[in-house]
Structures are given as C-alpha cells and as structure tokens.
Novice: 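I'd like to ask you about the structure that follows.
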Protein chains: 2
Amino acid sequence: MENNLRHLDSAFHALADPTRRAVIARLTAGAAPVKTLAEPFDMGLPSFLKHLRVLEDSGLILTEKSGRTRTCRLCASRLAETERWIANQRQLWEDHADRLANYIENQMSGEDTQ
Amino acid sequence: MENNLRHLDSAFHALADPTRRAVIARLTAGAAPVKTLAEPFDMGLPSFLKHLRVLEDSGLILTEKSGRTRTCRLCASRLAETERWIANQRQLWEDHADRLANYIENQMSGEDTQ
DNA sequence: TCGACAATTAGCTAAACGTCTATTTATGAG
DNA sequence: CTCATAAATAGACGTTTAGCTAATTGTCGA
C-alpha cells in the first residue's frame, strides 16, 4: 500500500474546484494542449496554469511538453485510487448497517419467544 | 438531477483533509457524539468543531443534538453521490480509450490490405 | 532572421483555511 | 441549587489559495 494520505489530500483538494473538475471531464475525451483546455474558462492563462499545476501535483493528470505546446492527459489510475477510498468507506458503512440490522432482527425474534 | 456543483465542491473539499477523512472512517463503524469523535485528535475542541461543521455543510455527515450531546452519523448517499462523479469520469475515459483502440485496430487492418 | 504564438515566471491582492485561547451557553446529576 | 460537563461562540493569527497584470522564455514558420 502506498503512502495514500498525501495522495488523497491533494487529489481531493484538486477535485474540490469546478474549473479543475471541468478539466478532468474534458480530458476524458482525450488529451489536449494547455491552450485548448484553457479556452472555455473566463480566466487568465497564468491563473489557469495554476489549476493545471494543482491537477498535475495531485497526479490526476500527466503532462508532457513537446516543442512549445504542453499536452495534458488524464491519469485514470490516480482517479481510481481516489474513487476506491470512498467506495471502501461506503462498504464499511454498509457492512456495519447489515450487522446492525441482523442484530436488531435477532433481538426482536428473541423477544417473541420470551 | 440536483445542483451537484456546490455539493461536489463542498464534498471534495471536506474530504481533502486527513482529520475529516478520519472522522468519516470512524463513522462507518456507527454514530458517535462529538466528544468521542474528537478524542483521537491532538487538537482543541473548537478546531475540531470547525471540521465537523465542514463535514456537515458538505452533507457527508448528519448531526442531531439531544440534551447536551450532539450525535453524528454518516450520510452514505452523499458519499455515494461523490463517488459516482469520479466513477462517471472514469467510465467516460474508458469508453474513449476503447473507441481509440478500435480505431487503431481498424486502421492497422486497413493498412494490411492496402 | 524575425515576428507570432504557447507557455511560464514573478509578484501583487483579497479571501478562505486551520489552528489557537478565552469565554459562554445549555443540560444533566448530586 | 449548584456544579461539572458537552458543546458552541468570538476573535486573533499565520498560511494557503485563486485570481490578477506585467514581463519573459522558448519554438515554429514565413
């Protein structure tokens, strides 16, 4: 198991911004250069670059510079890792809810026979 | 479909902190009062209460005050909603990757017959 | 070579965040 | 009634964030 704590901190932080989530959503349709990604947003390029940096630091995207353009692509494995943390908590919660339901059911049938 | 944007903003932001994730993890084992939840953390109660407030504002937990104790419990549906956003992006990305693979395969078999 | 263009850096500001201490409110128990 | 306890509020303080403008770097194409 990796040192997930830092990963999760930065991944969740990266996802907590609508601009950055929109970039993720755009990248599901394939890699794109910075300028194309920045186009839809009413924001200066330096500001947008900071968002990209946050995404890259979180590992949710990978970028590669070729010539004067930088191409960005999604890193599905980091996305999956983040999803898995939530899924895991939900599973734990469901297990608990199941045990609780069983316990209550047993208590009630016990009362019937008392 | 609800107004998910604000939800996602605040849910992801809430999850981007190790203390708050630890609270979520603890609550998968069942509801608990504030004092019990705060116990493991090396932090003043007012600071901890701010974390709880962030979690509650995000909808990831629900709280209810009875007498002088406030009981906190997980809200699995909001957790699920957040997970679903990530799962959805991953799905879109996989669909794209599949189409791309098919395209490449078709191109290559086309070249064979040329 | 020179100009246009993609990206980057530097540095400023306002707001939000996470922590603290001190104080206050509300309630349960003796 | 009074006191201990659970929670909450107020407010200060340093750090990080998200945006901006201005200036710079590096590369492509005519």
Novice: If you measure from the Lys or Arg side-chain nitrogens to the Asp or Glu carboxylate oxygens, is any gap between A:E81 and A:R84 under 4.0 Å?
Specialist: no
Novice: Fit a plane to each ring of A:F41 and A:F48, take the angle between them on a 0 to 90° scale, and name the class: parallel (under 30°), tilted (30 to 60°) or perpendicular (over 60°).
Specialist: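 Because their plane-to-plane angle is under 30°, the rings of A:F41 and A:F48 count as parallel.
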Novice: What integer distance in Å separates B:L55:CG from C:dC17:P?
Specialist: 13 Å
Novice: Are side-chain heavy atoms of B:K50 and B:M43 found at a separation under 4.5 Å?
Specialist: no
Novice: Once you round it to whole Å, what is the distance between P of D:dA8 and NE2 of B:H51?
Specialist: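 Nearest whole value for this atom pair: 15 Å.
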Novice: Counting just side-chain N and O atoms, does A:R53 come under 4.0 Å of either OP1 or OP2 of C:dT9?
Specialist: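 The answer is yes; a side-chain N or O of A:R53 sits under 4.0 Å from OP1 or OP2.
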Novice: Please compare B:T69 and A:H13 by the position of their nearest nucleotide in DNA chain D and report the one closer to 5'.
Specialist: B:T69
Novice: I need the CG-C1' distance between B:D9 and C:dC17, as an integer number of Å.
Specialist: 15 Å
Novice: In a check of side-chain contact (heavy atoms from CB on, under 4.5 Å) between A:L62 and each of A:E56, A:R78, A:R73, which one passes?
Specialist: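 So, applying the side-chain contact (heavy atoms from CB on, under 4.5 Å) to A:L62 and each of A:E56, A:R78, A:R73, only A:R73 qualifies.
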Novice: Between D:dA7, C:dA7, C:dG18, spot the one nearest the side chain of A:R70, thanks.
Specialist: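 Looking only at heavy atoms from C-beta outward on A:R70, the closest nucleotide is C:dA7.
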Novice: Please give, in whole Å, the distance from D:dA7 P to B:L37 CG?
Specialist: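 Computing the B:L37:CG to D:dA7:P distance gives 9 Å.
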Novice: So among B:T19, B:L45, B:D57, B:I61, which one has a side-chain contact (heavy atoms from CB on, under 4.5 Å) with B:L52?
Specialist: B:I61
Novice: Check nucleotides 22-29 of chain C for protein N or O atoms closer than 3.5 Å to its own N or O atoms and list the pairs.
Specialist:
unit_1, atom_1, unit_2, atom_2, d
C:dT27, O2, B:R68, NH1, 3.1

Novice: In whole Å, what is the span from the CG atom of A:D17 to the P atom of C:dA15?
Specialist: 18 Å
Novice: Hey, does A:S47 reach any base, or is it just sugar-phosphate, or nothing, if we go heavy atoms under 4.0 Å?
Specialist: base
Novice: How is A:K35 classified with respect to the nucleic acid when contacts are heavy atoms under 4.0 Å: base, sugar-phosphate, or nothing?
Specialist: sugar-phosphate
Novice: Given C:dT19, C:dC12, D:dA7, which nucleotide is nearest the side-chain atoms of B:K50?
Specialist: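 Taking heavy atoms from C-beta onward, the closest nucleotide is C:dT19.
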Novice: Using a 3.5 Å distance criterion without hydrogens, assess whether the side chain of A:R26 forms a donor-acceptor pair with backbone atoms of A:T36.
Specialist: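 Answer holds: no.
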Novice: Measure the distance from CE on A:M43 to C1' on D:dT21 and round it to the nearest whole Å.
Specialist: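 Checked: the CE to C1' distance equals 15 Å.
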Novice: Are any of the side-chain heavy atoms of B:I86 and A:L15 separated by less than 4.5 Å?
Specialist: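 Side chain of B:I86 against side chain of A:L15, heavy atoms only: contact under 4.5 Å found.
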Novice: Mind calculating the distance between CG (A:L45) and C1' (D:dA18) to the nearest angstrom?
Specialist: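 My rounded result for the distance is 15 Å.
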Novice: Starting at CD of A:E39 and ending at C1' of C:dA7, how long is that distance when rounded to a whole Å?
Specialist: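 That distance rounds to 15 Å.
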